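Below is one structure, written out as structure tokens; the observations come after it.
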Amino acid sequence: MTAVATPKFEAANERKKSRRGFFLALPAYVYLSLFFALPLLSVVVYSFAKRTSTGGVALEEWNIDSYTKLGEPIVRDILLRSFTLAIITTVICLVLAYPFSYFLATRKASTRNIMLVFVMIPFWSNFLVRNYAWRVLLGNDGPVSRVTEGVGLGETTILFTPTAIVLGLVYGFLPFMILPLYAAVERMDWSLIEASRDLGATGMQTFRKITFPLSLPGVIAGSILVFIPSLGAYVTPQILGGGKKTMLGSYIVTQFLTARNWPVGAAVSTVLMVVMLGATMLYFRKGGRTL
Amino acid sequence: MAGNAKQLKGNTRWALGLNATLVYVFFYAPIALLILFSFSDDPLVGRWGGFTLDWYRAFGENEEVQSALGVSIRVAIMSTVVSVVLGTMAALALERYRFRGNKFFDALLYLPVIIPDVTMAVMMLLFFTIARNAASTIFGVDVSKGVWSVTVSHIAFSISFVSIVVRARIAGMSEKLEEAAQDLYASRWQAFRYVTLPLILPGIIGGGLLALTLSLDDVVITQFVAGPGSTTLPVYVFGLIRRGVSPLINAVSVVMLAASVLLVLLSLVAQRARGGDVT
Amino acid sequence: MGEEMHDQAGGPMTAAVDIQGVTKRFGDVVAVDNVDLEIADGEFFAMLGPSGCGKTTTLRMIAGLEFPTEGSLKIFGEEVGTLPPNLRPVNTVFQNYALFPHMNVLDNVSFGLRMQGKDKRESAHAAQEMLELVQLGGMAKRKPDQLSGGQQQRVALARALVNKPKVLLLDEPLGALDLKLRQDMQNELKSLQRELGVSFVFVTHDQEEALTMSDRIAVMHDGKLLQVGTAEELYDQPVNRFVADFIGQTNLIDATVFDADMIVLANGTKIRAPNPYPAGDKVAMSLRPESISIGHVDEVPEEFRATSLTGTVSDVIYLGHSHVYTVNVDWMPLEVRTNATPTSIKHEPGSEVAIWWDRRSDWVVPDEGHGA
């Protein structure tokens with residue numbers, strides 16, 4: 001125990017420390033490997049499987065039929081619609097969240113903390129219920145409709161349309177945009193803005209050349225956090241879109257639960273995951289630290 | 001910090017303030033109206049017909065709702081306990097040690113947070129189906145989906161959220177404190193027990209409350225991995241909503257929302273707290 | 001370095017800390033490079049050097065917070081190289097104190113005793129006594145964040161000392177305090193150390209702090225131990241350029257050895273400077289600004305002829321008690337510091353002057369250890 005130190009001993013000590021960390025991580029490691037990584041892998045494997053005539057799956061016959069099927073008009077439309085709605089959602093969130101976060105960051109600390117808590121509440125609280133609230137509001141003869149009729153705009157009939165879906169998605173995911181954006185703007189060195197103004201830049205120039213580039217990591221993080229779940233949204237299209245115009249999430253579910261075409265469902269899921277991983281890696285590559 | 005740049009002027013201030021107000025109205029008006037209508041004595045949802053508690057009474061008397069609530073609570077508690085233990089250990093390992101494969105583990109731990117619900121749902125469905133087939137062909141036993149499969153799935157995503165919250169707490173705690181404890185004759189375990197644990201406890205509690213919230217709120221994943229008799233409250237409500245709106249759903253929704261807001265607030269309070277005393 | 005220590009009776013005495021051939025590597029980086037060092041019992045010992053020189057790593061190895069890659073580390077004769085910190089009879093005052101924020105002052109101070117299995121009441125009593133000693137008797141129930149920086153510093157001190165360590169380690173203990181408080185604490189630490197008779201080993205990057213407080217000082221640079229000695233030894237007889245430059249202020253003049261008594265400066269001037277180096281060696285002469293006299297060219301006293309130069313004053317700064325001249329000799333500027341008395345003459349910039357010094361006050365060091 002009290003031997004003279006030697007390189008061999010120190011290496012052994014380092015190994016001991018490393019082992020300790022490894023064993024601490026082990027339970028979660030094993031759990032996630034078994035109940036997350038393995039399921040994830042099976043989805044990828046199944047996407048290359050063949051659907052049998054009975055709706056079963058034959059793993060022996062490898063093929064990429066499920067992926068070629070993504071090019072068919074029906075699926076292509078769904079992909080296109082989902083990407084379009086997800087992009088629109090992300091842009092609207094960005095437009096609303098940017099000035100909001102900027103405003104938030106310029107408040108004094110006590111005000112800011114309270115304002116932040118009121119963003120955190122919708123961030124974490126029940127998504128299903130918050131979407132349901134819009135279903136009630138937008139319903140036939142619902143409050144929104146009555147208001148628009150009252151002011152002479154006529155009945156509001158956006159429920160079960162893509163507009164309602166976007167509304168629900170923005171409502172659901174806006175906090176996901178605000179929080180990283182706020183973090184980025186708040187971290188910013190405000191003296192740089194003063195310096196820019198001091199050097200004769202106008203407010204707009206300062207924003208374009210200083211503020212916006214500095215907040216870019218937040219913009220990217222927020223966009224990813226809104227875009228990914230919007231793309232895979234299932235609850236919102238079901239509740240507010242009435243399941244009429246199918247989006248990716250609903251399509252995957254249909255393939256698994258109703259159509260019993262697991263390989264295609266798995267293929268679409270895999271595409272969704274690849275997009276997600278791509279976006280995340282892009283973010284970390286661009287110097288972002290945490291989502 | 002630089003004060004002047006933070007001073008918004010005239011029109012900018014007005015526009016930004018207005019935008020912020022509208023965002024808050026957007027966040028909270030629908031919820032407020034939902035709460036209001038849940039007390040409305042009118043069978044047509046979204047119309048005020050005088051005050052009533054009938055719908056909450058119906059909530060209390062509806063056996064299906066009550067049994068779904070029971071399942072929800074059981075699953076939430078079990079998954080929270082397990083994910084708190086595993087998530088905290090993972091957080092400690094990643095923040096305080098370098099070990100082989102820690103980068104990969106870190107990535108694996110992040111994935112459940114960013115993966116879309118639907119993807120995780122089909123993953124788990126596929127997995128449990130394969131597992132069931134394997135179990136029946138190899139061991140001849142039938143492992144149907146049920147409360148256990150819901151719990152297993154919830155743990156899978158909760159571990160990540162717990163570990164993120166706890167990691168933030170550990171990262172904010174100087175390693176010097178643990179060294180000081182050991183320098184003052186504490187064994188490794190004593191240093192953890194008397195210094196590390198009390199200081200990261202708020203993070204653990206915050207993470208646990210978050211896991212509770214996530215478990216109680218999850219619809220998509222649960223819907224896929226629930227078997228007969230393991231329908232949770234959100235899944236049950238989701239089923240009702242798809243058939244149409246009703247005042248009963250309003251009441252159930254408000255209860256669910258209240259529970260999740262309460263848990264979130266508690267979690268935020270816990271995460272902000274200073275380390276607790278452990279005597 | 002390595003010289004035998006003897007107690008009053010003249011017999012060999014066990015060193016409080018005995019470091020032999022200790023090296024610490026972090027991956028490819030050598031933080032501490034083959035260091036030999038003995039610290040006597042009851043000594044106030046400083047480890048001095050710029051940041052990243054290995055002094056803190058050395059301290060952490062004594063504490064057991066790092067283990068040496070190679071070498072032997074003994075505390076009172078017992079090999080501790082690989083013993084975990086909780087089994088070593090030493091305690092540490094950490095940089096920024098590392099007080100436990102969730103415990104009150106008393107619990108902080110009694111922590112070490114409790115961990116050693118001492119009874120709760122007994123520990124609390126001893127802790128309270130120690131708090132009285134550092135004049136914080138009334139603060140026992142406060143939390144660390146309710147104390148000022150100076151008070152936190154005393155708590156950290158009490159928390160370590162209450163365990164009666166055989167050696168107290170202090171990592172930049174005064175770094176976080178402002179100047180006035182730092183000076184007070186220097187005196188207090190010194191008298192506390194005398195009172196307790198325990199070895200204090202402290203790490204600092206502040207040479208003035210090291211000079212005023214310590215019995216002996218070890219100067220480290222780039223992981224290597226350059227010199228160990230008293231303040232006077234380091235100041236008057238630095239072993240190389242780095243030490244000469246790092247301790248106090250000095251003029252380092254490049255030269256070549258002529259013989260055992262003379263060196264040749266860059267412009268060919270021969271200067272009397274006794275040295276042990278072989279003729280032709282590149283050396284540097286260290287000349288402290290305050291040991292140089294300045295006067296008119298024809299004023300050089302006869303006995304200082306062999307240790308004088310001429311130059312032009314390029315700048316004068318008046319500091320109240322002294323004048324600081326920058327004198328350009330042929331090839332380099334030298335700093336000269338003279339007492340400013342009412343009778344002293346001020347040499348204006350541009351004036352031709354002579355500078356001279358006693359030959360006992362120049363010091364020749366080998367031309368190594370550049371890059372202070």
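The structure presented is a predicted model; accordingly, all values stated were derived computationally and were not measured. A, B, ... follow the sequence lines: proteins, then strands. Residue 1 opens every chain.
Residue-level contacts of residues 173-183 of chain B with chain C, in order of numbering, are Lys176(B), Leu177(B), Glu179(B), Ala180(B), Ala181(B), Gln182(B), Asp183(B); threshold 4.5 Å between heavy atoms. Residues of residues 71-82 of chain B lying under 4.5 angstrom from chain C, judged on non-hydrogen atoms, do not exist here.
Only the side chain of Arg60(C) comes within less than 4.5 Å of a heavy atom of chain B; its backbone N, CA, C and O stay farther away. Using a 4.5 Å cut-off between heavy atoms, Leu113(C) makes no contact with chain B at all.
The environment of Phe104(B) atom CZ is sparse: at most 12 non-hydrogen atoms of other residues, nucleotides or ligands sit within 6.0 angstrom. Within a 6.0 Å radius of NZ in Lys164(C), no more than 12 heavy atoms belonging to other residues, nucleotides or ligands are found.
In this structure the side chain of Tyr194(B) never reaches within 4.5 angstrom of the side chain of Arg114(C), judged on heavy atoms. Looking only at side-chain heavy atoms (C-beta outward), Phe100(C) and Leu184(B) come within less than 4.5 Å of each other. You'll find the side chain of Leu87(C) stays beyond 4.5 Å of the side chain of Tyr185(B), heavy atoms only.
Note on Leu99(C), Asn91(C), Thr92(C), Leu169(C): by heavy-atom pairs under 4.5 Å with chain B, the leading option is Asn91(C). Ranked by heavy-atom pairs under 4.5 Å with chain B, the list Ala156(C), Pro165(C), Pro85(C), Ala160(C) is led by Pro85(C).
Each ring pair (Phe, Tyr, Trp, His ring centres under 6.0 Å) pair with one or both residues in residues 118-154 of chain C, not counting sequence neighbours, would appear here, but there are none.
By the side chain to side chain contact (heavy atoms under 4.5 Å, CB included) test, Gln271(B) is found to be paired with Val165(B), Ser267(B), residues two or more places apart in sequence or in another chain being considered.
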